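Accompanying notes for the structure given below.
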Amino acid sequence: MNIAVILRQVPDLIEPLEVDASGAALDLSAATFVVNETDDHALEQALLLKESGRGTVTVVALDFGEVDNTLYTAAAKGADRIVKVAWEQTQAPSPHAAAAPLAEALRTLAPDLVLVGVQAHDELDGVLAPLLATRLGLPYVGVIRGVKAAADGRTVVVCKEFPGAVMARLTVRLPAVLGILGADQPPRYVPVSRIRAAMKSTRFEEVSHAAGLGPSGIAVTRMAPPPAGARAEMLTGSEAEVAQRITELLAEKGLLK
Amino acid sequence: MSTSDILVLAEIQRGTLADITSELLAAARGLVSPSGGEVVAAVLAANGGAFVPALGAADRILLIDHPALANYSPEPYLAALGEVVGARAPRAVLIGATSMGWDLAPLLAARLDAPLALGCKEIAFEDSALRVTSSFCGGKMLAELRIDRTPAVLMVLPGAYRPGETPGKAQVESWKLSASLEPAAIRFDEFQLPEAGDVDITQQDILVAVGRGIQQKENVELAEQLAQVLGGAVCASRPVVDQGWLPPTRQVGKSGMTVKPKLYLALGISGAPEHQEGMKNSELIIAVNTDARAPIFDIAHYGAQVDALELLPALVEAVQARKG
Amino acid sequence: MIATQGRQGLELLEELSRTGDGKSPLGCMQCGLCAASCPLGDVMEFPPRKLILEAMSRGLDRVLASPSLWMCVGCYTCSLRCPRDIELTDRLWPALRDRAMQQGFQPPAELQETFQNVLKYGNVLGKSPRQRLDWAKDLDVRVLDLSKEPRPVEVLWLVGCYPSYYPRNQVVTRAFARILTELGISWGVLGPKEKAIGECDRMFGEEGLFETLVEENRKILAQQQFERIVTLDPHAFRALQNFYPRYGVWYPVEHYTMFLANRLEKLRPLVVRPVEATVTYHDNCCAGRRAGCFEPPRALLQLIPGVKLVEMDRNRENALCCGGGGGGMWLDAHIVAQGGRRLSDLRILQAAQTGADILAVSCPYELSRFEDAAKVAGLEGRLKVRDIIELLAESMDLGERSEP
């Protein structure tokens, strides 16, 4: 089974996000980029499928942000092929803009299964995974936690997460695209020495495809952090003092029975 | 139906109408009132008639019945919904940001080449354009959007709207599907319910909630101590469950449980929208996080910018002392 | 007779003998002093002695798969006592852990996160590098950020991760800034450019991460001019003194107790306010047992009028580790799951037995570990935990109120 995984770069939320001078877009000039969390889970799921004797893993990514680090890490974890798709623009790839070149790259690879993170936190007017599926004419289901391959290699069984810790088990005929929420286990750790070794030995396949066409139909008129607004009444002091205050609060509300 | 109608996807989960549906209907009501047009609820099921009484907040109910729609799976649902939207051309389609919605909204938008807005918190008309306020970047950024094209597909955040009043009886219309809903590449097999025997956090009056801020599995025990002393139970945000430090039955949030306890003590939880969804209606929310900008403080009644790990033992002691 | 399966283990041990300056693990005579000395030896599947035996006779498979591989907290007691001078702590354990990770064995999850934090953000806590100087906000003394204003200084003060970011430790950091200034020393910090030294990562077998940090720190330090490095963290001190030079990165470095003790006579007239307390000092492992720095901290404490110094039974090279080293800060859950105890819980009782009012420490991990332990043991209010710097600052009238 040939498995393709899309890895995206998203702005790291450890720093507060800035809005640029136009007031309607993120200012990413000072942002650092990290791999999108659910894409990392998608990679883990792909590696697990490969390890259960079920295929090869090809990672596909747009050349943006700190993508090289992400790709070497993926290689160190066991990805078989790495395809880096050219991205000429300075702006971060939006789902609509990213979908066309990525879909073309995937078309060339013709994988049996495409795993993509179900969402990225900087998505506002599109979701990449179903966009790719639609472009490729492949079936799609998302919010998946856990993928198992059937013996014939032609279907996979997936668990779709619903509220209340309820899962729906679905059987999916390949080829298909899955929007991954989580893998059967958390993303594995790979020691830095392996990543450094991968830096020396891994060759990326660099390809170029036309960028996305057509606007998303959404105009962003303004962006800003949420207003402070009605916020919590803050309790100040040391941990011991806060503990006292909370206890008194609970007692006042009759919660200490 | 005309292009000022608003179509709402009624969401059915294992035989019950999900709460999000009445929230979507309220959002739709806010849109049609000034501009005219109908609030139309689309019910996709094997036998949707059973849900009619609960959908009085709509002006019109479209019953799309088909055996292939008995349990959710993307292809038949997309085909059915796509057919309805294509034929009736509503101004907008409102879908909840739920497990089902995360499939259908983008798939529908892609299929129709329609604009899609995620994380919608507020929707209004401004002249003929739709104005939407959306939350993204884990709740740390708001964007104001303008959508001119029709139809627009909007994924609405659970809890963004309160269920409105039920105006009266809705007109019921049976929809005859011309699209074929089979065969499909994706087949629903069965539901897997969580194992019984663990604590039902939705029934607890007091919840001690732990997030990434507790740092280590061992610190869950500290939270258990506090829960015990308070007579409640421990629950967690998704990252804690992902790590395996607590079972999924303890997960609070969009893909976990929704809880409404008397006390929700959030320790080291940042409060991203997916988590807030599961607990924001708690009677008393006290949040502890070293990050003053954590979104949890937007919905908490009281907060403290201290280290949850330092606070836990101090709080256990203080409560024990008070209880005597 | 060495069985064929032992080949892999033997090869590793031979490799370790070739590259190190320690005595060969092959010289192990199975005396068991290491296992008997190890504070967690009784709950390890493979304490050092057994580790070597298994590697030599049967191979590495069971050793690498064993949870006990991740239980060593780097206290050096075994290495100190080994009659063959085998570098157990510094060489054997890290090499085995590295081998385990290379073969895909996963270290405890909490540890993975710290590696990722160090790699991404240069600190174990996963905090933004831009906030590394937040401790100095509104401080009443001038903090020279050498990353913005490079200039020659006498002391390059490597603040450290916990001292920079962790609220309880920041109190100590600020006090030290005041003390340095009061002593008229020219000093600066690296501010947001400062990165972890990586001692814990190395101990934990993340050789690749450690080497990455050495390279980064090499460049950062080369941009500065200073006479010596002073650090609050004995782990960083150890790494800079013993491991960095192996990569050609060598600078004179002192743990703060050594630095201040060398300026005792300058301090003496400034340390005037009495601190009436019975104090017992916990010797840390890296500057203490491993480097022999026992008297400087005591000299500093005895400088303070009103301080009565008492010793725990286990002191100096026999001190019981607090359990925080070698990645131990993130191992408590793992150790407890294997039937062990938090060593700080044991050590705090030993401190209490002396009847002391204050347990004095000089390692950043110990503050939080011992304060937690004091709460668990119900000693809160009876036994306070203070860094030596805090006590000095109090006596110099440079302190701020920390927690009671």
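Every chain is numbered from 1, with letters handed out A, B, ... down the list of sequences. Quick caveat: nothing in here was measured; it's all calculated off a predicted structure.
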Proximity breakdown for [X] and chain B, heavy-atom pairs closer than 4.5 Å:
{"X": "T221(A)", "answer": "both"}
{"X": "E123(A)", "answer": "both"}
{"X": "L249(A)", "answer": "side chain"}
{"X": "A176(A)", "answer": "neither"}

Between [X] and chain A, with a heavy-atom cut-off of 4.5 Å, which part of the residue counts as in contact: side chain, backbone, both or neither?
{"X": "E190(B)", "answer": "both"}
{"X": "I147(B)", "answer": "both"}
{"X": "A18(B)", "answer": "neither"}
{"X": "R250(B)", "answer": "neither"}
{"X": "D307(B)", "answer": "both"}
{"X": "A152(B)", "answer": "neither"}

What I'd like to find out is whether the side chain of [X] reaches to under 4.5 Å of the side chain of [Y], using heavy atoms alone.
{"X": "L124(A)", "Y": "L145(B)", "answer": "yes"}
{"X": "L284(B)", "Y": "L250(A)", "answer": "yes"}
{"X": "V132(B)", "Y": "I218(A)", "answer": "no"}
{"X": "D125(A)", "Y": "L116(B)", "answer": "no"}
{"X": "K160(A)", "Y": "F188(B)", "answer": "no"}
{"X": "F136(B)", "Y": "Q119(A)", "answer": "no"}

Please determine whether the number of non-hydrogen atoms from other residues, nucleotides or ligands lying under 6.0 Å from atom [atom1] of [X] exceeds 12.
{"X": "E144(B)", "atom1": "CD", "answer": "yes"}
{"X": "R188(A)", "atom1": "CZ", "answer": "yes"}
{"X": "R107(A)", "atom1": "CZ", "answer": "yes"}
{"X": "D19(B)", "atom1": "CG", "answer": "no"}

Most chain B-contacting option - heavy-atom pairs closer than 4.5 Å, from [options]:
{"options": "R145(A), R245(A), Q185(A), Q244(A)", "value": "R145(A)"}
{"options": "G237(A), A219(A), A129(A)", "value": "A219(A)"}
{"options": "V172(A), I246(A), V166(A)", "value": "V166(A)"}
{"options": "A133(A), A168(A), A24(A)", "value": "A168(A)"}

Atom pair [atom1]/[atom2] of [X] and [Y] - distance to nearest 0.5 Å:
{"X": "F162(A)", "Y": "L193(B)", "atom1": "CZ", "atom2": "CG", "result": "12.0 Å"}
{"X": "R222(A)", "Y": "T133(B)", "atom1": "CZ", "atom2": "OG1", "result": "9.0 Å"}
{"X": "L315(B)", "Y": "E239(A)", "atom1": "CG", "atom2": "CD", "result": "11.5 Å"}
{"X": "L78(B)", "Y": "T134(A)", "atom1": "CG", "atom2": "OG1", "result": "7.5 Å"}
{"X": "T171(A)", "Y": "D189(B)", "atom1": "OG1", "atom2": "CG", "result": "3.5 Å"}

Where [X] and [Y] come nearest, the two heavy atoms and their spacing:
{"X": "Q251(B)", "Y": "E161(A)", "value": "NE2-OE1, 4.4 Å"}
{"X": "A232(A)", "Y": "G303(B)", "value": "CB-N, 3.7 Å"}
{"X": "D103(B)", "Y": "Y140(A)", "value": "OD1-CE2, 3.7 Å"}
{"X": "L107(B)", "Y": "P130(A)", "value": "CD2-CB, 3.7 Å"}
{"X": "P226(A)", "Y": "G139(B)", "value": "CG-O, 3.3 Å"}

Quiz item: Any side-chain hydrogen bond (donor to acceptor under 3.5 Å, both in side chains) pairs touching residues 315-324 of chain B, not counting sequence neighbours?
Solution: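 The answer is none; no pair qualifies.
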Output the option from [options] having the highest count of non-hydrogen pairs under 4.5 Å with chain A.
{"options": "G256(B), S134(B), A117(B)", "answer": "G256(B)"}
{"options": "H301(B), M257(B), M141(B), R149(B)", "answer": "M141(B)"}
{"options": "P74(B), A143(B), C137(B)", "answer": "C137(B)"}
{"options": "R131(B), K262(B), E75(B)", "answer": "R131(B)"}
{"options": "P248(B), A304(B), S73(B)", "answer": "A304(B)"}

Self-check item: Verdict with supporting geometry, L181(A) and W102(B), side-chain contact (heavy atoms from CB on, under 4.5 Å)
Solution: CA-CA 11 Å; L181(A) 177 64; W102(B) 273 95; over 6 Å; no
Exercise. Using side chain to side chain contact (heavy atoms under 4.5 Å, CB included) as the criterion, point out the one residue from I144(A), V141(A), V143(A) that pairs with S99(B).
Key: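 In the set I144(A), V141(A), V143(A), the residue that makes a side chain to side chain contact (heavy atoms under 4.5 Å, CB included) with S99(B) is V143(A).
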